[in-house]
Amino acid sequence: MASLPPLAPSSTVAPPQLRRQPPSYLSVKPNSGETFLSRHGRFTRTTRPNLSTSESNVAAAVAATPSPKIDYGVVGVHHVGILCENLERSIEFYQGMLGLEINEARPHDKLPYRGAWLWVGAEMIHLMELPNPDPLTGRPQHGGRDRHACLAIRDVSKLKQILDQAGHPYTLSRSGRPAIFTRDPDANALEFTQVD
């Protein structure tokens, strides 16, 4: 077996046999040296990656480089799907306590599970009575530190009164902005943020 030449202490370039190769998911586009293809898409850099840095540093540097705008016509969020164990209990919370209205125009009988569509402005919440794969215990007390849907409202103080009257737990925004975090009967976190 051939021995490799030793590195001089002041050397900053490794001999070809010791140079690190880019990770397999990162490939240089031929002849450009500026465009890299990763498992997350095509990214552009102004220089080739430094092969002496770790793979995670190279991947992070490539991922942080802005890519061209992708436009396929996104116009908003249509609905958010929320899993529930008992549809009637969830409707009591969302409609009875929060005052959301059911969208009767949405089909309830075309899916293989029970559900309801609730209006949130021009968008909707789709309640789906399905088993929840997420744990219901051990979740952060403050819903802002958990997966959550955020609803824009006009008056946080009125919602606070409603939740207080119902004895329903909530936390206020930790940043001081007018927002309330609470959970539905199935521990799904909800944020209500005040907008003008």
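- Under the 4.5 Å side-chain criterion, counting only non-hydrogen atoms from C-beta, L163 is not in contact with F192.
- In this structure, R145 places its CZ atom where only 12 or fewer heavy-atom neighbours from other residues, nucleotides or ligands lie under 6.0 Å away.
- In this structure, W117 is not a member of the same hydrophobic cluster as L130, with clusters built from ILVMFWY side-chain heavy atoms closer than 4.5 Å.
- Side-chain contact between L118 and N103 is absent, with no heavy atoms from C-beta onward closer than 4.5 Å.
- Y170 is not listed as a side-chain neighbour of L159, based on a closest heavy-atom distance of 4.5 Å or more.
- Closest approach of M97 and A166 over heavy atoms only: CE-CB, 3.8 Å.
- Applying the salt bridge (charged side-chain N to carboxylate O under 4.0 Å, His left out) rule to pairs touching residues 69-80 yields nothing, sequence neighbours excluded.
- For F181, the ring pair (Phe, Tyr, Trp, His ring centres under 6.0 Å) partners are H142, H148, not counting sequence neighbours.
- Listed by first and then second residue, the salt bridge (charged side-chain N to carboxylate O under 4.0 Å, His left out) pairs involving residues 99-111 amount to none (not counting sequence neighbours).
- Every residue two or more places apart in sequence or in another chain that forms a ring pair (Phe, Tyr, Trp, His ring centres under 6.0 Å) with F93 is listed here: H168.
- Placement of L100 and W119 in two distinct hydrophobic clusters is found when ILVMFWY residues are connected by side-chain heavy-atom separations under 4.5 Å, directly or transitively.
- With rounding to the nearest 0.5 Å, the separation of OG1 in T193 from CD1 in I153 is 7.5 Å.
- Looking at every heavy atom in both residues, S90 comes nearest to D186 through OG-OD2, 3.3 Å.
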For residues 72-86, dump all side-chain donor-acceptor pairs below 3.5 Å to protein atoms at least two apart in sequence or in another chain.
from	atom 1	to	atom 2	distance (Å)
N86	OD1	E88	N	3.1
N86	OD1	R89	N	2.8

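- In this structure S175 satisfies the side-chain hydrogen bond (donor to acceptor under 3.5 Å, both in side chains) test together with S173, R177, sequence neighbours excluded.
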What donor-acceptor contacts under 3.5 angstrom involve side-chain atoms of residues 122-129, with partners at least two apart or in another chain?
from	atom 1	to	atom 2	distance (Å)
E129	OE1	R114	NE	2.9
E129	OE2	L87	N	2.8
E129	OE2	R114	NH2	3.2

Start with the C-alpha gap between N188 and N132, add the side-chain angles, then the distance that decides, and say whether side-chain contact (heavy atoms from CB on, under 4.5 Å) holds. CA-CA 10 Å; N188 296 302; N132 190 341; 4.3 Å; yes

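- Considering only residues two or more places apart in sequence or on other chains, R154 meets the salt bridge (charged side-chain N to carboxylate O under 4.0 Å, His left out) condition with none of them.
- Under the salt bridge (charged side-chain N to carboxylate O under 4.0 Å, His left out) criterion, K158 pairs with no residue, sequence neighbours left out.
- A search for side-chain contact (heavy atoms from CB on, under 4.5 Å) contacts involving Q95 returns I91, I102, not counting sequence neighbours.
- The heavy-atom pair separating P140 from R183 by the smallest distance is O-NH2, 2.8 Å.
- Contact detail for A179 and E191: the closest heavy-atom pair is CB-OE2, 4.0 Å.
- Sorted by first and then second residue, the salt bridge (charged side-chain N to carboxylate O under 4.0 Å, His left out) pairs involving residues 133-142 (not counting sequence neighbours) are D134-R147, R139-D146.
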